[in-house]
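Just below is one structure, and these are the notes that go with it.
Throughout, protein chains are lettered first and strands after them, A, B, ... in sequence-line order, and every chain is numbered starting at 1. Worth knowing before you read on, the calculation uses all heavy atoms, side chains too, and leaves out hydrogens, waters and symmetry mates.
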Amino acid sequence: MVLKSKFRIFNDIGPVSEDIIYAAGIYSWNGFLESEGVSGLTQRLYESTSEQIKEWSNALEMKDAKFFATNLQSSMHWMLLKEFQEHVCYLDIETTGLYRDFDKVTVVGIYDGHSFQNLVRGRGLSKKAIQKSLSGCKLLVTYYGSCFDLPFLQSEFYGIDLNIPHFDLCFGGRKVGLTGGLKKIERRLGISRDSSISSVDGFEAVTLWYSFQKGNEKSLKKLLDYCMADTINLSKMAPLVFEKLNQLETSIRLDHLN
DNA sequence: TCACCGTCATTTTGGGCGTT
DNA sequence: AACGCCCAAAATGACGGTGA
């Protein structure tokens with residue numbers, strides 16, 4: 001479990017102190033608690049860190065999603081993927097454009113690992129409906145959602161509670177060299193999508209919506225298929241990015257020991 | 001006790017990215 | 001037609017140790 005080997009997440013522990021802890025042969029929270037102290041750290045710092053470890057361990061035990069949403073910096077939320085794996089929701093939205101001041105949310109797609117659900121504008125999409133679909137969610141997974149999807153939802157559904165840990169595959173991917181957008185990364189990872197929607201992109205999602213507004217029901221079907229492909233592919237991509245991040249973390253730690 | 005210095009941690013600043 | 005996030009580098013702040 002990655003998180004339990006991290007010390008930089010605690011107050012007053014930075015990269016240097018963390019290296020001191022590793023150099024003392026301590027690689028986990030439990031190891032830290034079992035030691036009587038760490039040479040190189042003041043007793044005062046050792047004790048305040050021990051207290052924080054107990055608090056965080058308890059939050060993990062309780063699967064307290066809100067605790068991590070507020071206390072864990074977002075670039076480390078990926079570490080919760082395995083821990084919360086039974087409560088992960090993959091989310092992707094479609095809109096009429098990129099600008100939340102002018103544009104509207106048209107579809108919200110949510111996949112919980114078992115079934116896909118879509119909420120369509122004018123056909124049941126509402127703040128309450130989204131909130132209900134996410135009620136058991138302890139970890140959100142999106143692509144670029146921290147900059148696009150979530151702020152868009154906040155803007156249209158004012159006051160919606162999205163205070164949930166959030167693994168953003170865009171930033172996680174960047175760290176392991178996966179850049180260039182969702183579709184490009186999917187290809188690089190060998191994740192496929194159905195040929196019927198393989199040519200659809202975000203811009204076409206906009207025109208499909210307007211076509212549906214003019215009465216073309218087939219356009220909606222295609223839009224929903226596209227949204228579903230995007231959303232479900234997030235669930236295929238997440239464990240792959242997770243593993244790469246995991247490997248990166250351990251190699252960095254070994255580096256620092258030398 | 002006090003001024004000073006070195007070491008870390010934390011905060012601030014600026015540039016680039018990717019979303020429909 | 002925007003915007004929030006991330007990283008890196010620079011600035012600021014807190015703390016402990018030293019020497020007189």
Side-chain angles (χ1 to χ4, degrees), chain A residues 6-23 38-49 52 69 71-78 90-109 118 120-121 125 140-156 162-163 165-186 188 197 199-213 219-220 222-224 226-227 229-231 233-234 237 241 245 248 252 256:
Chain A
K6 287 276 160 283
F7 295 92
R8 249 174 312 180
I9 53 179
F10 301 122
N11 291 337
D12 304 321
I13 301 284
V16 175
S17 298
E18 190 178 64
D19 279 349
I20 289 171
I21 294 167
Y22 292 151
V38 179
S39 70
L41 299 189
T42 61
Q43 190 62 17
R44 190 185 147 93
L45 183 55
Y46 176 80
E47 275 159 20
S48 81
T49 304
Q52 292 181 76
N71 293 296
L72 182 62
Q73 41 179 295
S74 40
S75 63
M76 293 189 177
H77 285 194
W78 63 272
Y90 304 86
L91 178 142
D92 183 55
I93 70 172
E94 309 305 327
T95 69
T96 58
L98 291 172
Y99 308 103
R100 47 182 177 274
D101 288 344
F102 308 99
D103 293 310
K104 296 293 179 191
V105 177
T106 57
V107 181
V108 175
N118 57 56
V120 179
R121 183 175 192 83
L125 172 61
L140 272 176
V141 176
T142 69
Y143 190 88
Y144 209 56
S146 46
C147 295
F148 183 76
D149 303 65
L150 300 197
F152 220 116
L153 290 176
Q154 305 267 17
S155 162
E156 178 145 351
L162 295 172
N163 188 25
H166 177 191
F167 178 12
D168 191 325
L169 293 173
C170 176
F171 299 108
R174 269 185 205 172
K175 269 197 283 224
V176 295
L178 295 169
T179 60
L182 178 64
K183 316 282 184 289
K184 184 176 166 190
I185 294 173
E186 277 179 12
R188 275 183 61 185
I197 47 91
S199 68
V200 182
D201 59 13
F203 182 74
E204 190 177 347
V206 177
T207 58
L208 283 170
W209 175 257
Y210 286 123
S211 165
F212 163 62
Q213 289 305 95
S219 294
L220 177 64
K222 195 169 181 183
L223 177 60
L224 294 179
Y226 169 69
C227 179
D230 266 3
T231 311
N233 278 356
L234 296 176
M237 199 170 140
V241 176
L245 285 166
L248 182 66
I252 287 173
H256 284 213

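- Map A:Tyr99 and A:Thr42 each onto its nearest nucleotide of DNA chain C; the residue landing nearer the 5' end is A:Tyr99.
- Using a 4.0 Å heavy-atom cutoff across all strands shown, A:Arg44 reaches sugar-phosphate atoms only and no base atom.
- Residue contacts for A:Leu150: at a heavy-atom cut-off of 4.0 Å it reaches no nucleic acid atom on any strand shown.
- The closest donor-acceptor contact from the side chain of A:Asp92 to the backbone of A:Gly109 lies at 3.5 Å or more, if one exists at all.
- A:Ser17 comes within 4.0 angstrom of sugar-phosphate atoms only, judged by non-hydrogen atoms across all strands, and of no base.
- Panel note: side chain A:His77, backbone A:Leu72; a donor-acceptor pair is recorded below 3.5 Å.
- Both A:Phe102 and A:Cys147 lie near DNA chain C, and the one whose nearest nucleotide falls closer to the 5' end is A:Phe102.
- Within the 4.0 Å cut-off from OP1 or OP2 of B:dT19, not a single side-chain nitrogen or oxygen of A:Arg100 is found.
- Looking at heavy-atom distances under 4.0 Å, A:Thr96 makes no contact with the nucleic acid at all.
- DNA chain B is contacted by both A:Leu98 and A:Ile13; A:Ile13 maps to the nucleotide lying nearer its 5′ end (nearest heavy atom per residue).
- Distances were taken from every side-chain heavy atom of A:Phe171 (C-beta onward) to each of C:dC6, B:dG18, B:dT20; the shortest belongs to C:dC6.
- Checked against C:dC7, B:dT20, C:dC6, the side chain of A:Ser74 finds its nearest nucleotide in C:dC6.
- The shortest distance between the side-chain N/O atoms of A:Lys104 and the OP1/OP2 oxygens of B:dT20 is not below 4.0 Å.
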